[in-house]
There are 2 protein chains.
Amino acid sequence: MRYAYDVYEDRCPTRLVLDRLADKWALLILDRLEGGPVRFNHLRRDIKLISQKVLSQTLKKLERDGLVTRTVTPTVPVTVEYALTPLGRTLAETAAALTHWAEHNMDAILASQAAYDAARTAQ
Amino acid sequence: MRYAYDVYEDRCPTRLVLDRLADKWALLILDRLEGGPVRFNHLRRDIKLISQKVLSQTLKKLERDGLVTRTVTPTVPVTVEYALTPLGRTLAETAAALTHWAEHNMDAILASQAAYDAARTAQ
DNA sequence: CTCCTTAGTATCCATTGGAAACCATGTTTC
DNA sequence: GAAACATGGTTTCCAATGGATACTAAGGAG
């Protein structure tokens with residue numbers, strides 16, 4: 001064990017973190033916030049098909065984890081800005097590697113899926 | 001857009017990949033396979049609290065995506081070995097960054113959660 | 001007075017996830 | 001010779017999560 005924590009252990013708190021990180025919406029949100037603070041409805045429009053409920057819930061969890069800050073400005077209507085904390089920024093950089101991997105290796109995966117499905121259907 | 005794909009688009013196939021990657025079990029399995037091929041029940045014992053059903057389903061999806069190979073050896077009882085493909089290896093390296101981030105930054109997150117909860121309970 | 005915006009919450013239903021039991025095959029144990 | 005154990009799963013059931021939709025409050029525009 002290289003660190004004080006071990007993700008393979010069920011009682012290890014890193015599992016809780018992994019639960020949070022292993023969330024497609026959380027990853028997309030962190031990725032989206034890397035360019036600077038973004039408002040609630042802006043996030044909703046940018047991240048296609050995310051529901052308000054899930055966006056709200058995910059942001060709350062990220063805030064609780066100290067990864068994003070929530071800043072309310074009493075304009076009319078009220079504006080709420082979400083931004084990465086320094087800790088969140090380090091995670092966003094790590095998470096960006098995943099989304100970039102997905103964008104890079106999409107073709108290989110689609111080809112593999114097609115071959116896999118063809119092999120079963122042919123039987 | 002830097003690549004032909006864009007994770008923010010709902011119709012983009014990268015979303016499907018992100019769904020796959022953004023799975024705590026898939027990440028743990030890929031991470032676990034980095035050291036070499038592992039058998040089904042060995043994975044089950046190593047990754048604490050994963051159910052057989054979910055392990056089986058996740059491995060099938062990873063195989064379909066061309067990330068792991070499944071090799072059956074007709075011993076008695078039959079042995080089934082799972083191993084990373086070259087593509088899977090590149091992903092496992094990327095995913096490892098996430099699990100290591102979790103192990104590294106656990107303390108900061110637990111502290112933030114405690115502060116967050118204390119602030120609400122105090123009211 | 002009505003509609004539009006903001007940032008959510010409430011409600012309902014479908015899908016997913018986990019726990020446990022079951023299966024086929026064959027070896028060892030009693 | 002029957003019971004128990006190993007392998008690698010599948011099946012079944014229930015609880016939890018996710019998504020679609022509708023609704024809220026506060027104020028500005030027409």
Side-chain angles (χ1 to χ4, degrees), chain A residues 7-12 15-29 32-33 37-65 68-83 116 120 123, chain B residues 8-12 15-29 32-33 37-65 68-83 116 120:
Chain A
V7 285
Y8 296 121
E9 287 301 319
D10 57 322
R11 301 298 302 261
C12 183
R15 276 286 181 89
L16 300 175
V17 180
L18 206 57
D19 278 353
R20 187 72 20 87
L21 308 192
D23 176 322
K24 67 171 171 176
W25 299 123
L27 289 180
L28 281 173
I29 292 170
R32 185 66 192 73
L33 289 179
V38 184
R39 291 166 57 185
F40 186 88
N41 276 342
H42 200 152
L43 280 173
R44 189 157 77 91
R45 276 189 294 268
D46 280 3
I47 302 175
K48 307 294 166 56
L49 285 193
I50 192 171
S51 73
Q52 287 185 308
K53 187 182 81 170
V54 172
L55 178 56
S56 171
Q57 286 174 345
T58 307
L59 285 169
K60 254 183 214 156
K61 290 177 192 169
L62 292 174
E63 190 194 355
R64 177 167 181 265
D65 289 346
V68 307
T69 55
R70 179 178 183 273
T71 311
V72 180
T73 314
T75 52
V76 165
V78 62
T79 47
V80 180
E81 266 195 347
Y82 291 93
Y116 182 96
R120 326 263 134 171
Q123 285 170 7
Chain B
Y8 295 122
E9 287 301 318
D10 56 323
R11 302 295 302 261
C12 183
R15 275 286 180 89
L16 300 175
V17 180
L18 204 58
D19 279 353
R20 187 71 21 87
L21 308 191
D23 176 324
K24 69 172 172 178
W25 299 124
L27 288 180
L28 280 173
I29 291 170
R32 186 63 192 76
L33 289 179
V38 184
R39 291 167 55 184
F40 186 88
N41 275 341
H42 201 152
L43 279 173
R44 189 157 77 91
R45 276 189 292 269
D46 280 3
I47 302 174
K48 307 293 166 54
L49 284 195
I50 192 170
S51 73
Q52 286 187 307
K53 187 181 81 167
V54 172
L55 178 56
S56 171
Q57 288 173 344
T58 306
L59 285 169
K60 256 184 212 156
K61 290 176 192 169
L62 291 175
E63 189 194 357
R64 176 168 182 265
D65 289 346
V68 308
T69 56
R70 179 176 183 275
T71 311
V72 181
T73 313
T75 52
V76 165
V78 63
T79 44
V80 180
E81 264 195 349
Y82 291 92
Y116 182 95
R120 324 263 136 175

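Letters go in sequence order (proteins before strands), and every chain restarts at 1.
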Residues 70-78 of chain A side chain polar contacts: donor-acceptor under 3.5 Å, at least two apart:
unit_1	atom_1	unit_2	atom_2	d
A:R70	NE	A:Y82	OH	3.2
A:T75	OG1	A:P77	O	2.9
A:T75	OG1	A:T79	N	3.4
A:T75	OG1	A:T79	OG1	3.2

request  = Nearest 0.5 Å please: distance from the CH2 atom of A:W25 over to the CG atom of A:L49.
outcome  = 6.5 Å
ask   = Using a heavy-atom cut-off of 4.0 Å to chain A, what are the terminal contacting nucleotides of DNA chain C, in 5' to 3' order?
value = C:dT5 to C:dT11
request  = Please determine which of A:V68, A:L43, A:I47 meets the side-chain contact (heavy atoms from CB on, under 4.5 Å) test together with A:V38.
outcome  = A:L43
query = Residues two or more places apart in sequence or in another chain: which of them pass side-chain hydrogen bond (donor to acceptor under 3.5 Å, both in side chains) with A:K61?
reply = none
request  = Taking only heavy atoms on the protein side, list every residue of residues 38-45 of chain B lying under 4.0 Å from any atom of DNA chain C, sorted numerically.
outcome  = none
task = By nearest nucleotide on DNA chain D, pick out whichever of A:P77 and A:K61 is the more 5' one.
result = A:K61
ask   = From A:L28 CG over to B:L18 CG, what is the distance, rounded to the nearest 0.5 angstrom?
value = 5.0 Å
key: For the student: nearest non-hydrogen atoms of A:P37 and A:E81, plus distance   = CB-OE1, 3.7 Å
ask   = How long is the span from the CD atom in B:E63 to the OG1 atom in B:T58, to the nearest 0.5 Å?
value = 12.5 Å
note = Applied to residues 38-47 of chain A, the side chain to side chain donor-acceptor pair (under 3.5 Å) test, sequence neighbours excluded, yields A:R32-A:D46, A:N41-A:R44
inquiry  = Nearest heavy atom decides the nucleotide; on that basis, is A:W25 or A:V76 closer to the 5' end of DNA chain D?
reply    = A:W25
message = Rounded at 0.5 Å granularity, tell me how far CZ in A:R120 sits from CZ in B:R64.
response = 10.0 Å
task = Extract, from 5' to 3' on DNA chain D, the first and final nucleotides lying under 4.0 angstrom from some heavy atom of chain A.
result = D:dG18 to D:dG28
task = Considering non-hydrogen atoms only, spot the tightest contact between A:A26 and A:L62 and give its length.
result = CB-CD2, 4.4 Å
